[in-house]
There are 2 protein chains.
Amino acid sequence: MASTEGSSHLCDPSRCPCDDAECALGRYARATAAAADRQGLDTRTLAATEQAVAERLQGLALNMSATAAISNIYRAANAVRNHVERTVLAPHDLTWTGWVVLWVIWIWGRIETRHVAAEAGISKGTLTGVQKTLASRGLVNRVVHPDDARRVLLSLTPHGESLMAELFPRFNAEEAFAVGALDDAAQLQLARSLRAVVHRLEGG
Amino acid sequence: MASTEGSSHLCDPSRCPCDDAECALGRYARATAAAADRQGLDTRTLAATEQAVAERLQGLALNMSATAAISNIYRAANAVRNHVERTVLAPHDLTWTGWVVLWVIWIWGRIETRHVAAEAGISKGTLTGVQKTLASRGLVNRVVHPDDARRVLLSLTPHGESLMAELFPRFNAEEAFAVGALDDAAQLQLARSLRAVVHRLEGG
DNA sequence: ACGGCTTCATTCGCCTACAAACGATGCGTG
DNA sequence: CACGCATCGTTTGTAGGCGAATGAAGCCGT
């Protein structure tokens with residue numbers, strides 16, 4: 001029977017809006033139903049497993065709003081990144097990290113690599129590779145620090161400068177589009193709540 | 001002159017709370033000041049560049065609240081991921097992606113790989129590698145679909161089951177800790193705003 | 001039943017991404 | 001001046017991460 005074919009289509013979370021606290025249980029109910037409908041064989045074992053999962057989740061249902069908030073943080077971050085990569089970065093063969101690094105150098109003009117890594121939120125080792133890629137495309141200059149041969153200074157080439165001048169307005173416009181469904185107060189509230197999360201985790 | 005040594009320490013964004021709309025200009029002012037203090041040589045060129053950057057940013061200052069919200073989404077997502085990796089996942093040699101994949105399989109019991117990739121928010125190709133890693137550790141079973149030889153079904157081994165039973169409560173506790181500075185209403189509001197962003201970008 | 005079309009998972013090349021190890025450089029003290 | 005120690009950036013090894021290409025498998029119209 002084709003019970004595994006048509007009815008096995010799961011609720012795609014990237015399209016299903018129902019993952020807040022109230023709806024999470026409903027979503028899980030749909031999950032169990034779909035799973036029960038999907039299995040075909042060994043009904044008892046899978047049903048027992050699903051039952052056990054339900055008991056586990058119900059035992060921790062008090063933190064459902066936390067789960068909803070956290071999982072949405074991650075999904076939103078990925079959505080923003082993917083959207084910007086497609087609409088702004090991909091036409092110029094730039095990755096997200098490459099863009100962030102360019103942006104940091106653009107803002108600071110001339111900056112040591114360790115500071116670029118800290119500002120961009122990547123490790124030193126990662127920056128070495130990104131910097132090499134950007135330099136090979138003629139976007140970034142690499143100069144040894146005149147006073148300390150251990151350090152390296154990065155700056156944009158004229159080509160990099162003109163690219164940033166062209167891309168930054170588009171990037172900013174996409175940022176504005178992403179939060180376009182929220183009014184100014186909601187945007188500030190969102191930023192404030194997220195900052196509270198960051199402080200809580202990174203120390204503050 | 002040690003002007004490049006002590007005074008070149010930039011405001012570390014991972015620790016500086018000042019990146020909301022009001023403070024962003026202040027942060028940039030500090031940036032320009034630090035840059036001007038840092039350069040030592042070719043003062044005019046760098047100052048002219050900074051001046052040009054200031055003009056560009058001021059011309060787009062209207063979207064500052066959007067920038068603050070978006071950048072905080074990304075920082076918060078990274079903070080959550082790093083925190084959970086350190087506190088819960090690293091002791092068991094699990095990566096974030098590996099955890100998410102395990103979680104999806106745990107919830108759905110038996111699920112096709114394409115659905116796992118969709119639920120976990122990764123590509124099919126990435127899942128192939130992650131699945132291989134998890135299978136090599138005896139956490140995941142891989143079975144060809146009985147009715148369609150193209151598809152592959154994933155499920156947890158008993159070892160994987162017991163690992164999830166142990167780790168999920170800890171994971172959930174860390175999620176709750178991350179948003180612990182917000183009350184329930186703020187958590188739901190945060191989830192709702194983020195969901196609005198996701199809908200806006202992924203279609204809805 | 002046979003030819004195209006679709007839909008899977010996998011593979012490939014390239015690029016992050018991090019921790020740890022490494023080598024080079026600078027600094028401070030004896 | 002020379003020794004140890006701290007601080008850089010880079011390298012190494014392992015694991016994600018994606019798009020595009022690949023090949024196997026099913027579907028469907030003729």
Side-chain angles (χ1 to χ4, degrees), chain A residues 2 4-6 8-9 74 77-78 81-86 89-102 111-118 120-137 139-140 142-154, chain B residues 2 4-6 8-9 74 77-78 81-86 89-102 111-118 120-137 139-140 142-154:
Chain A
T4 51
E5 171 54 24
S8 73
H9 175 68
Y74 212 73
N78 274 335
R81 175 174 168 158
N82 289 334
H83 176 73
V84 173
E85 279 180 343
R86 281 199 311 271
L89 271 32
H92 292 267
D93 241 339
L94 280 177
T95 63
W96 173 268
T97 304
W99 161 263
V100 173
V101 169
L102 279 181
I111 179 174
E112 300 176 21
T113 52
R114 61 200 168 117
H115 294 143
V116 174
I122 60 178
S123 67
K124 301 180 299 176
T126 299
L127 180 61
T128 299
V130 176
Q131 159 217 344
K132 220 174 284 183
T133 300
L134 295 176
S136 74
R137 294 188 193 169
L139 298 172
V140 163
R142 182 186 177 284
V143 179
V144 174
H145 196 292
D147 295 341
D148 187 341
R150 294 173 303 177
R151 305 182 192 178
V152 171
L153 289 168
L154 297 182
Chain B
T4 50
E5 171 54 25
S8 71
H9 176 68
Y74 212 72
N78 275 333
R81 174 173 170 160
N82 290 334
H83 179 254
V84 173
E85 280 180 342
R86 281 198 312 271
L89 270 33
H92 292 268
D93 242 338
L94 279 177
T95 62
W96 172 267
T97 304
W99 161 262
V100 172
V101 168
L102 279 181
I111 179 173
E112 301 175 20
T113 53
R114 61 200 169 116
H115 294 143
V116 174
I122 59 178
S123 68
K124 299 180 298 177
T126 298
L127 180 61
T128 299
V130 175
Q131 160 218 344
K132 220 173 286 184
T133 300
L134 295 176
S136 74
R137 296 187 191 171
L139 298 172
V140 163
R142 182 187 176 280
V143 178
V144 175
H145 195 291
D147 296 340
D148 188 340
R150 295 172 302 179
R151 306 182 191 177
V152 171
L153 289 168
L154 297 183

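Hydrogens, waters and symmetry mates are skipped; everything else that's a heavy atom, side chains included, is used.
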Residue pair B/Thr133 / B/Thr95, side-chain heavy-atom distance below 4.5 Å: no
pair B/Arg142-B/Val152: side-chain heavy atoms closer than 4.5 Å: yes
Sugar-phosphate only, base, or nothing, as touched by A/Arg86 at under 4.0 Å among non-hydrogen atoms: nothing
Touch class at under 4.0 angstrom, heavy-atom based, for A/Gln131 against every strand present: sugar-phosphate
Check the distance between [N]'s [atom2] and [X]'s [atom1] and give it to me in whole angstrom.
X        : N      : atom1 : atom2 : result
A/Arg151 : D/dC8  : CZ    : C1'   : 8 Å
A/Leu127 : D/dC8  : CG    : C1'   : 13 Å
B/Glu112 : C/dA9  : CD    : C1'   : 11 Å
A/His115 : D/dT7  : NE2   : C1'   : 12 Å
A/Leu89  : D/dC18 : CG    : P     : 15 Å
B/Ile111 : C/dA9  : CD1   : C1'   : 15 Å
A/Asn78  : D/dG16 : CG    : C1'   : 12 Å
A/Arg142 : D/dG9  : CZ    : P     : 10 Å

Rounded distance (nearest 0.5 Å) linking atom [atom1] of [X] with atom [atom2] of [Y]:
X        : Y        : atom1 : atom2 : answer
A/Arg150 : A/Thr113 : CZ    : OG1   : 11.5 Å
A/Arg114 : A/Ser123 : CZ    : OG    : 16.0 Å
A/His115 : A/Arg151 : NE2   : CZ    : 7.5 Å
B/Ile122 : B/Leu127 : CD1   : CG    : 4.5 Å

Sequence-aligned protein contact record of nucleotides 13-26 of chain C, with B where the base is within under 4.0 Å of a protein heavy atom and S where only the sugar-phosphate is: --SSBB------BS
Locate the shortest heavy-atom distance separating [X] from [Y]; write the atom from each residue and the value.
X        : Y        : answer
A/Pro146 : A/Leu153 : CD-CD1, 4.1 Å
B/Trp96  : B/Leu89  : CA-CD2, 3.9 Å
A/Val101 : A/Ala120 : CG2-CB, 4.3 Å

Axis-to-axis angle between the two ends of the helix from C/dA1-D/dT30 to C/dG30-D/dC1 (five base pairs per end, rounded to 10 degrees): 0°
OP1 or OP2 of C/dA9 under 4.0 Å from side-chain N/O of B/Lys132: no
